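Remember, it's a predicted structure, so these values are computed and weren't measured experimentally. Residue numbers start from 1 in every chain, and the chains themselves are labelled A, B, ... in the order their sequence lines are given, proteins ahead of strands.
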Amino acid sequence: MTPLPRSFYSRPTVTVARELLGSILCRRVDGLTLRGRIVETEAYVGEGDLACHARAGRTPRTAPLYGPPGIAYVYLTYGMHHLLNAVTEEEGMPAAVLLRALEPMEGIEWMEGARGVRTVHHLTSGPGKLAQAFGLDLQWNRADLTGPDLWIEPGSRVPDREVKTSPRIGCQSVPEPWATIRWRFYVASSRHVTPGRASPKLLVTNPRRIGNNRADKRRSRNTPGR
DNA sequence: CAGACGATTGCCT
DNA sequence: GGCAATCGTCTGT
């Protein structure tokens, strides 16, 4: 099929994150094509976004974020998981869309071999899982997403009523408003979106009780800055 | 050059 | 729900 053109990525990152839902991530490998429908994404937008790696400016690791739109930004996290991003906006503007979940379509056996699992709903339901299922590692950093080895092609458009948003997963420790801005996009009806992790104890406090008990009131008196 | 830290996952109780 | 795994990258000495 025809890959999405570079101009697709050369737009506001939040728009690209929304529009990538329903598109198909593809890789040509071992004489076959892997395909998965994108059902979950997150936008990371520039040095001012304190959840974005570019918050520290241009470093050897973040350099691809400053590169041309339509290339891959792949990095290793927790020493073992690779995460795949599509670089967006014009060259020089560090921003990207993190691919968080796919629905496997083609090459499922190959993905199962790469993942070491056979349960299809655990194959690509997470950013680390989908990179592993597609055999992507640091060697794919800066790879051209307009093909011919790795590319994203148009799928069927996901209607607005199917698209939901939430804060980005794993960004709860960054300063506001970046922790709660709803820059995660996912297909509501998909069973392949990530379940997400339970929030840390202090953040799951019943909202009706925040600031409504003695301990909280004493705390706020003693530490007015918080 | 030592030390801290993840845009996560899977296994444990 | 808790927590360990594991290493590239960044920071500060």
Is there side-chain contact between A/Leu34 and A/Leu32, with at least one heavy-atom pair below 4.5 Å?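 In short, these two side chains touch, coming nearer than 4.5 Å.
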
If the condition is side-chain hydrogen bond (donor to acceptor under 3.5 Å, both in side chains), which residues does [X] pass it with, not counting sequence neighbours?
X: A/Arg191; result: none
X: A/Arg61; result: none
X: A/Thr77; result: none
X: A/Arg142; result: none

Rounded distance in Å - [atom1] ([X]) to [atom2] ([N]):
X: A/Tyr78; N: B/dC5; atom1: OH; atom2: P; answer: 11 Å
X: A/Arg55; N: B/dA7; atom1: CZ; atom2: P; answer: 6 Å
X: A/Tyr75; N: B/dC5; atom1: OH; atom2: P; answer: 17 Å

Would one find a side-chain N or O of A/Arg115 under 4.0 angstrom from OP1 or OP2 of B/dG10?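 True: A/Arg115 side-chain N/O within range (under 4.0 Å) of B/dG10 OP1/OP2.
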
Reckon A/Arg184 touches a base, only the sugar-phosphate, or nothing at all at heavy-atom distances under 4.0 Å?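 No contact.
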
Tell me if a side-chain donor or acceptor on [X] pairs with a main-chain N or O of [Y] at a distance below 3.5 Å.
X: A/Asp49; Y: A/Tyr44; result: no
X: A/Thr119; Y: A/His121; result: no
X: A/Ser23; Y: A/Leu20; result: yes
X: A/Arg115; Y: A/Leu123; result: yes
X: A/Glu42; Y: A/Ile169; result: yes

Near DNA chain B, counting only heavy atoms under 4.0 Å, which residues of residues 42-52 of chain A show up?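 DNA chain B contact set from residues 42-52 of chain A: A/Tyr44, A/Ala51.
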
In residues 116-146 of chain A, which ones come under 4.0 Å of DNA chain B, going by heavy atoms?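 When residues 116-146 of chain A is checked for heavy atoms under 4.0 Å from DNA chain B, the hits, listed by number, are A/Gly126, A/Pro127, A/Gly128, A/Lys129.
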
A/Tyr75: partners by ring pair (Phe, Tyr, Trp, His ring centres under 6.0 Å), with sequence neighbours left out: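 Result, ring pair (Phe, Tyr, Trp, His ring centres under 6.0 Å) vs A/Tyr75: A/His53, A/Tyr73.
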
Output all residues satisfying salt bridge (charged side-chain N to carboxylate O under 4.0 Å, His left out) with A/Glu153, sequence neighbours left out; order by chain, then residue number.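 If we apply the salt bridge (charged side-chain N to carboxylate O under 4.0 Å, His left out) test to A/Glu153, skipping adjacent residues, the hits are A/Arg35.
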
In residues 60-69 of chain A, which ones come under 4.0 Å of DNA chain C, going by heavy atoms?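 Here the set is A/Pro60, A/Arg61.
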
Contacts to DNA chain C from residues 79-110 of chain A, heavy-atom cutoff under 4.0 Å, which residues?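 Those residues whose heavy atoms fall under 4.0 Å from DNA chain C, taken from residues 79-110 of chain A in numerical order, are A/Gly79, A/Met80.
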
Hydrophobic cluster partners of A/Met105 (side-chain heavy atoms under 4.5 Å):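 Traced through the cluster, A/Met105 reaches A/Ile24.
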
Side chain of A/Tyr73 only, heavy atoms from C-beta on: which candidate in B/dG6, C/dT11, B/dA7 is closest?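 When the side chain of A/Tyr73 is considered, B/dA7 is the closest of B/dG6, C/dT11, B/dA7.
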
Can you tell which of B/dG6, B/dA7, C/dG8 lies closest to the side chain of A/Leu76?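 Closest nucleotide among those given: C/dG8.
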
Derivation of the side-chain hydrogen bond (donor to acceptor under 3.5 Å, both in side chains) call for A/Glu19 and A/Thr15: CA-CA 6 Å; A/Glu19 295 292 318; A/Thr15 301; over 6 Å; no

Is A/Arg6 positioned over the aromatic face of A/Tyr9, cation under 6.0 angstrom from the ring centre and no more than 45 degrees off axis?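 Judged by the rule, A/Arg6 and A/Tyr9 form no cation-pi pair.
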
Does A/Glu109 have more than 12 heavy atoms from other residues, nucleotides or ligands lying within 6.0 Å of its CD?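 Count not over threshold, so no.
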
Output the pairing pattern of DNA chain C as a dot-bracket string, 5' first, Watson-Crick or G-U wobble with both distances under 3.5 Å, | for cross-strand pairs, [ ] for crossing pairs. |||||.||||||.

